[in-house]
Structures are given as C-alpha cells and as structure tokens.
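Each remark here refers to the structure printed beneath this line.
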Amino acid sequence: MRHCRRFRVSAGAAPLLLLCFASPGRAAPDDLSRRDVRPRLIVLTDIGGDPDDTQSLVRLLTHASEIEIEGLIASASGTPGELDENVVKPELIRQVVRAYGAVWDSLELHAPGYPSAGGLLARVKSGNPERGRSQLGEGKDTEGSRWIIEVVDRDDTRPVNIAIWGGSTELAQALWRVRHDREPADVARFVSRIRVHDIAHQDDTGPWIVEQFPDLFYVLDRAPPGADRREAVFRGMYLGGDQSLTSRQWLDRHVRTGHGPLGALYPDRTWTSPNPHSALKEGDTPSWFYFLRNGLQDAAHPEWGGWGGRFRRVAGALHRDASDRVGDVEHPRATVWRWRPAFQNDFAARMDWCVRPRDAANHHPIAALDGDRTREVLELSVAPGEARALDAGSSSDPDGDGLSFRWWVYPEAGTCAADVARETVIDNASSSRAAVRVPAACAGATIHVILEVTDDGDPPLTSYRRAVLDVAPNR
C-alpha cells in the first residue's frame with residue numbers, strides 16, 4: 001500500500017512536497033512521514049575542552065533517526081584560553097560514533113531510520129585549530145568549511161540547520177568563500193538556505209557573521225549585554241527546575257551503567273561552575289533540540305518556544321533570548337527547563353533502546369489532533385468568544401500503554417497579550433477532548449494551545465501537538 005502526504009518545508013518560500021512511500025510493515029505511515037522530512041543538521045563542536053560536548057553528542061546520536069546529520073565538524077577545541085594548545089580533536093567524535101555503531105542494531109529495532117556508523121564517520125570533518133576573524137580569508141579554507149558549502153549547495157529544499165557548540169570560524173570561512181567567489185544573487189541564495197543556532201558567540205567570528213550577513217537566520221542563545229552569563233537560555237539545560245534530573249545518580253541509572261558502550265562514554269563530570277551536581281551540563285544540546293520536529297515546535301518560529309528554548313527577534317533575522325513564566329518563576333532559562341522532565345524521560349528511553357529488545361522498552365505515543373496524526377502544527381481559525389472544541393481521541397500508543405492528556409495555553413508564544421492569554425479557560429483540560437474558550441480581548445491575535453499526550457510506560461513518554469488559534473478581528 002502507498003501513502004502520500006503533503007508537507008510545506010520552511011526554507012524561505014519553499015514549495016509543497018508530496019511524499020509517497022510504501023508501508024514496510026514495521027513502521028506506521030505516521031512514523032515514516034515524520035522521518036521523511038527530517039531536519040538537516042551540521043554541528044560545529046569544540047569537543048576536547050569541557051566534556052559537555054561529548055555529553056551532547058551522545059544524546060544527539062540517540063536521536064539520529066529523527067535528524068539527518070549532515071556533518072560533525074571538529075572546530076578549535078575548548079573555549080578561547082581554556083586549553084594550553086590550539087588543536088582540533090575529530091578523533092573524539094569518531095570514538096562516540098563508533099560506540100553508537102556498536103548499539104546500532106538495537107536502536108534500529110525501536111525506530112527505523114538510524115544511519116549507519118560508517119555513514120556518520122564519513123561526515124566527520126576537521127576545522128581550523130586556530131579561531132577568530134584573523135583566520136578568515138584566502139588560504140584559510142578547511143575540510144570543515146568546504147564541507148559546509150558542499151552540504152548547503154546540495155539539491156534539497158530543506159534548510160541546512162547549523163548548531164554551533166563552540167567557535168563559528170568554519171561557518172564564517174564558508175560564508176567568506178562564497179561571497180568571495182559568487183555573484184551577490186547567488187550569495188543571497190546560499191545564505192537563505194541556512195539556519196543557525198549559536199551557543200553564546202564563543203569567538204569573534206559570530207558577531208562578524210551577524211554584521212556581515214544580516215539576512216542570515218540566526219538564533220543567538222546568549223545572555224543579554226550586561227547580564228550574568230548564567231542567565232542564558234541554554235543554561236536551562238542544567239540550571240533551574242527539577243535539578244534531580246541532572247544528578248550523577250540519574251545519569252548512572254539511566255545512561256552510564258548497563259546501557260552499552262554509547263552510554264558508558266557519557267562523561268559524568270563537567271567543568272562549568274556553578275552546576276549543582278557538576279554532572280549533566282549539555283550546554284550545547286538546546287542548539288539541536290531547537291531543530292527537532294516533535295509536534296511542539298517549528299524552527300521557523302523562534303518566538304514559539306520548545307525544547308531548545310524561546311527567542312525574540314531583535315533586528316533583521318537575528319533572534320535572542322526570551323523569557324517564560326513557569327509558576328512563580330520568570331526567566332530565560334525556564335524556556336528550556338520547563339521541558340526537562342519530558343526530555344530526560346525521552347533520553348532514558350532511548351538509552352534503553354541501546355540494549356533492550358523492542359518489547360522490553362517504551363516508545364512514544366502518537367498524539368493526534370482533530371484526526372491529524374502527523375507532527376505538524378495546526379493553524380485553526382476561531383472567532384472571539386468562541387468555545388473551540390479540540391479532539392485528541394484518536395491518539396494511540398504503539399505499546400498499548402494507557403494515555404493521559406494535558407491541554408494548556410502557552411501565553412508567551414502567541415500575539416495576544418500574555419496576561420490575557422494566560423486567563424484563557426480550557427474545559428476538560430485533562431481529557432482527550434477539550435474546548436478552548438477564546439477571550440474576546442484576543443480578537444485579531446493568536447493563541448497557542450499545547451497538547452501533551454503521555455503514556456504510562458517506564459519511563460513515561462510525552463508526545464506533543466500545537467494548535468495555533470488565529471482569532472478573527474472584531475467587525
């Protein structure tokens with residue numbers, strides 16, 4: 001049997017894609033449709049300094065069925081001044097990839113689409129052991145910068161997402177080379193195919209990129225000028241919220257012990273202080289979390305929020321940290337730590353996949369919204385004052401687990417005043433069928449409703465859907 005579904009892939013004014021595929025028996029059509037539009041990803045990592053890069057890489061590889069990893073580029077190791085030598089350490093990437101290869105057969109039992117270790121090893125590249133603006137220009141091309149150009153130039157309508165975990169010298173050199181060699185229209189076309197999520201501008205090429213290429217989609221995950229650097233969105237990975245989920249005890253139980261060679265490589269200590277446990281940090285993980293297609297977020301909309309945080313536009317195509325209010329706390333880090341229980345359970349389940357047969361592990365439920373079983377965000381037209389019914393009754397679980405439901409409004413994500421949106425009433429918010437009472441004061445604005453579907457497996461796993469309610473203006 002063949003199934004077809006239309007998707008709009010956000011890459012400027014990208015066309016609709018019609019994807020058709022045959023049912024192979026092992027994966028449901030919904031799973032295949034999600035896999036076929038996996039986001040493309042290049043990682044620039046300063047691996048070899050703080051061990052948290054290795055932590056982020058281990059987690060990333062457990063998600064390799066959800067993301068098409070196009071490049072793993074070793075940039076100059078460590079943050080400036082952190083190490084006594086200027087080196088790149090691609091061998092540390094290869095070590096983790098080989099450990100992934102040792103558990104690949106088991107992972108593939110749980111989610112089809114995991115790439116081979118050999119295919120990933122071919123995408124490991126080296127950058128410049130030096131960093132910064134002085135390393136840009138003629139004669140400064142590297143294996144890494146050339147690879148970025150090759151990947152972006154491929155005939156593929158999907159944007160190339162670039163997660164910068166350390167320095168951005170390789171991306172800056174790639175952009176320098178393209179601008180030096182090509183006509184302005186071709187440079188603009190190249191730039192339009194890239195999205196960047198940069199953790200903290202860790203060398204001076206980041207500001208150079210933003211200044212020289214103002215049309216480049218750029219999320220800068222960094223505390224604002226004058227603020228404590230620990231205020232940054234990405235630090236919500238390990239600061240704030242339920243910090244028991246970042247402890248060494250949690251890591252030993254769910255990742256490092258009894259979960260095969262990939263889990264055994266996960267470092268149990270990091271260098272950053274303060275860190276309440278000095279264990280899990282993964283300060284770079286939000287950069288690629290941001291690009292995941294998990295039904296909750298859309299990488300084209302930094303202001304919507306999701307596992308990788310929430311951001312606001314500050315100028316042109318540049319976005320910087322925003323804040324969420326969660327309970328009594330309002331903070332940029334809350335835009336990440338609010339999701340920690342779910343993404344840690346997700347990680348624990350994927351580590352189980354590394355060593356357990358399919359019938360001995362948990363798998364994510366399928367969250368259906370108004371009969372739609374994809375991971376697409378639904379946009380729904382509503383009237384001011386309307387009670388809009390929302391139906392998740394056709395949600396299901398591949399393991400036959402029981403499901404619980406939670407509907408809630410994400411006030412900061414919409415364009416209705418947050419205080420007004422926060423007062424939106426959802427009837428039956430713990431049921432599979434709910435109704436949103438649209439405030440009349442939100443006329444002409446948007447309200448974001450999040451559906452969480454959680455199974456009762458071990459660990460419990462949550463799947464998401466987002467409904468954007470477009471409220472008609474008053475007549």
Note to self: side-chain contact (heavy atoms from CB on, under 4.5 Å), that's the test. Do F190 and F213 meet it? Break it down for me.
What the structure shows: CA-CA 11 Å; F190 183 90; F213 299 90; over 6 Å; no
*Check step by step if side-chain hydrogen bond (donor to acceptor under 3.5 Å, both in side chains) holds for S463 and N294.*
CA-CA 7 Å; S463 294; N294 61 1; over 6 Å; no
For this session: Take V210 and L220 through the test side-chain contact (heavy atoms from CB on, under 4.5 Å) and record every step on the way to the result.
Result: CA-CA 10 Å; V210 170; L220 175 56; 5.9 Å; no
Handout entry: R40 and E70: CA distance, side-chain angles, deciding distance, salt bridge (Lys or Arg N to Asp or Glu O under 4.0 Å) verdict
Key = CA-CA 6 Å; R40 305 168 72 194; E70 297 263 29; 2.7 Å; yes
Item to complete: Quick one: do D52 and W271 satisfy side-chain contact (heavy atoms from CB on, under 4.5 Å)? Show the steps, please.
Response: CA-CA 8 Å; D52 81 310; W271 297 353; over 6 Å; no
Q) Step by step, would you call R158 with E68 a salt bridge (Lys or Arg N to Asp or Glu O under 4.0 Å)? A) CA-CA 11 Å; R158 295 171 297 167; E68 185 170 352; 2.8 Å; yes
Discussion item. Working note: E452 + W408, criterion side-chain hydrogen bond (donor to acceptor under 3.5 Å, both in side chains); need CA distance, chi angles, decisive distance, verdict.
Written reply: CA-CA 9 Å; E452 297 180 358; W408 55 280; 3.1 Å; yes
(request) Given salt bridge (Lys or Arg N to Asp or Glu O under 4.0 Å), test R230 with D228 step by step and report yes or no. (result) CA-CA 5 Å; R230 298 174 184 85; D228 187 317; 3.4 Å; yes
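Not a single disulfide bond (SG atoms under 2.5 Å apart) links C354 to another residue, sequence neighbours left out.
Geometrically, R466 does not engage W407 in a cation-pi contact, judged by NZ or CZ lying under 6.0 Å from the ring centre and within 45° of the ring axis. Taking the ring axis of F217 as reference, the NZ or CZ atom of R195 stays within 45° of it and closer than 6.0 Å to the ring centre. Figure legend: R338 and Y410 shown as a cation-pi pair, the cationic atom lying under 6.0 angstrom from the six-membered ring centre and within 45 degrees of its axis.
Judged by distance alone, the side chain of R340 and the main-chain N or O of G236 form a donor-acceptor pair under 3.5 Å. Between the side chain of S145 and the main chain of T142, a donor-acceptor pair closer than 3.5 Å is present. A side-chain donor-acceptor contact under 3.5 Å links S77 to the backbone of I47. Within the 3.5 Å criterion, the main-chain N or O of W208 finds no donor-acceptor partner in the side chain of T205. Proximity of a side-chain donor or acceptor of D455 to a complementary backbone N or O of L461 within less than 3.5 Å is detected. For R248 (side chain) and D268 (main-chain N/O), a donor-acceptor pair under 3.5 Å exists by modelled atom type. E150 contributes no side-chain N or O that, together with a main-chain N or O of W147, makes up a donor-acceptor pair within less than 3.5 Å. In terms of modelled atom types and a separation under 3.5 Å, the side chain of T62 and the main chain of R350 share no donor-acceptor contact. For the pair R320 (side chain) and A223 (backbone), a donor-acceptor distance under 3.5 Å is present. For T415 (side chain) and A445 (main-chain N/O), no donor-acceptor pair under 3.5 Å exists by modelled atom type.
Looking at Q55 and Y238, their side chains never bring a donor and an acceptor atom within 3.5 Å of each other. If you check the side chains of H197 and N161, you find no donor sitting under 3.5 Å from an acceptor. Inspection of the T454 and S404 side chains reveals no N or O donor paired with an N or O acceptor under 3.5 Å. Inspection of the S287 and W165 side chains reveals an N or O donor paired with an N or O acceptor under 3.5 Å. Side chains of D352 and N362: no donor on one and acceptor on the other come within 3.5 Å. Side-chain atoms of R179 and Q212 include a donor-acceptor pair closer than 3.5 Å. Residues R312 and H319 have side chains that never bring a donor and an acceptor to within less than 3.5 angstrom of each other.
Few gaps surround CZ on R146; more than 12 heavy atoms of other groups in view lie less than 6.0 Å from it. The 12-atom threshold is exceeded at CG of D242, counting heavy atoms of other residues, nucleotides or ligands nearer than 6.0 Å. R253 CZ: 12 or fewer foreign heavy atoms inside a 6.0 Å radius.
When Q135, Q173, E143 are each tested for a side chain to side chain donor-acceptor pair (under 3.5 Å) with N128, only one passes: Q135. Screening R59, E282, H259, R256 for a side chain to side chain donor-acceptor pair (under 3.5 Å) with Y266, the sole residue that qualifies is E282. For the side chain to side chain contact (heavy atoms under 4.5 Å, CB included) with L378, the qualifying choice from L469, L390, D372, V468 is D372, the only one to do so. Tested against K281, the residues T270, N275, D50 include a single side chain to side chain donor-acceptor pair (under 3.5 Å) partner, D50. When each of I42, L41, D198 is checked for a side chain to side chain contact (heavy atoms under 4.5 Å, CB included) with I162, only I42 meets the rule.
Looking at T424 and I447, their side chains come closer than 4.5 Å, going by heavy atoms from C-beta outward. Side-chain atoms of T45 and L72, non-hydrogen and from C-beta on, never get closer than 4.5 Å to each other. Looking at heavy atoms from C-beta onward, D46 lies in side-chain contact with Q202 at the 4.5 angstrom threshold. Counting heavy atoms from C-beta outward, F289 and W339 have side chains that stay 4.5 Å or more apart. In this structure, the side chains of R333 and E231 come closer than 4.5 Å at one or more pairs of heavy atoms. Side-chain atoms of L107 and L61, non-hydrogen and from C-beta on, never get closer than 4.5 Å to each other. A heavy-atom distance below 4.5 Å is found between the side chains of R465 and T374. Between F234 and R222 there is no side-chain heavy-atom pair separated by less than 4.5 Å.
For the atom pair OG1 of T285 and CG of D53, the computed distance is 9.0 Å after rounding to the nearest 0.5 Å. Remark: Y290 OH to D298 CG distance equals 8.0 Å, nearest 0.5 Å. Going from atom CD of E66 over to atom CG of D346 covers 8.5 Å, rounded to the nearest 0.5 Å.
Taking the six-membered ring where tryptophan is involved, the planes of W304 and H448 are perpendicular, since the angle between them exceeds 60° and thus also 30°. The aromatic rings of W307 and F343 sit perpendicular to each other, their planes meeting at more than 60°, with 30° as the lower class boundary. Taking the six-membered ring where tryptophan is involved, the planes of W353 and H363 are essentially parallel, since the angle between them stays under 30° and well short of 60°. Relative ring orientation between H201 and Y218 is described as tilted, the plane-to-plane angle lying within the 30° to 60° band.
Closest approach of G306 to Q297, counting heavy atoms only: CA-OE1, 3.1 Å.
Taking the ring centroids of H364 and Y464, they lie at or beyond the 6.0 Å cut-off. If you look at W288 and H63, their ring centroids are closer than 6.0 Å.
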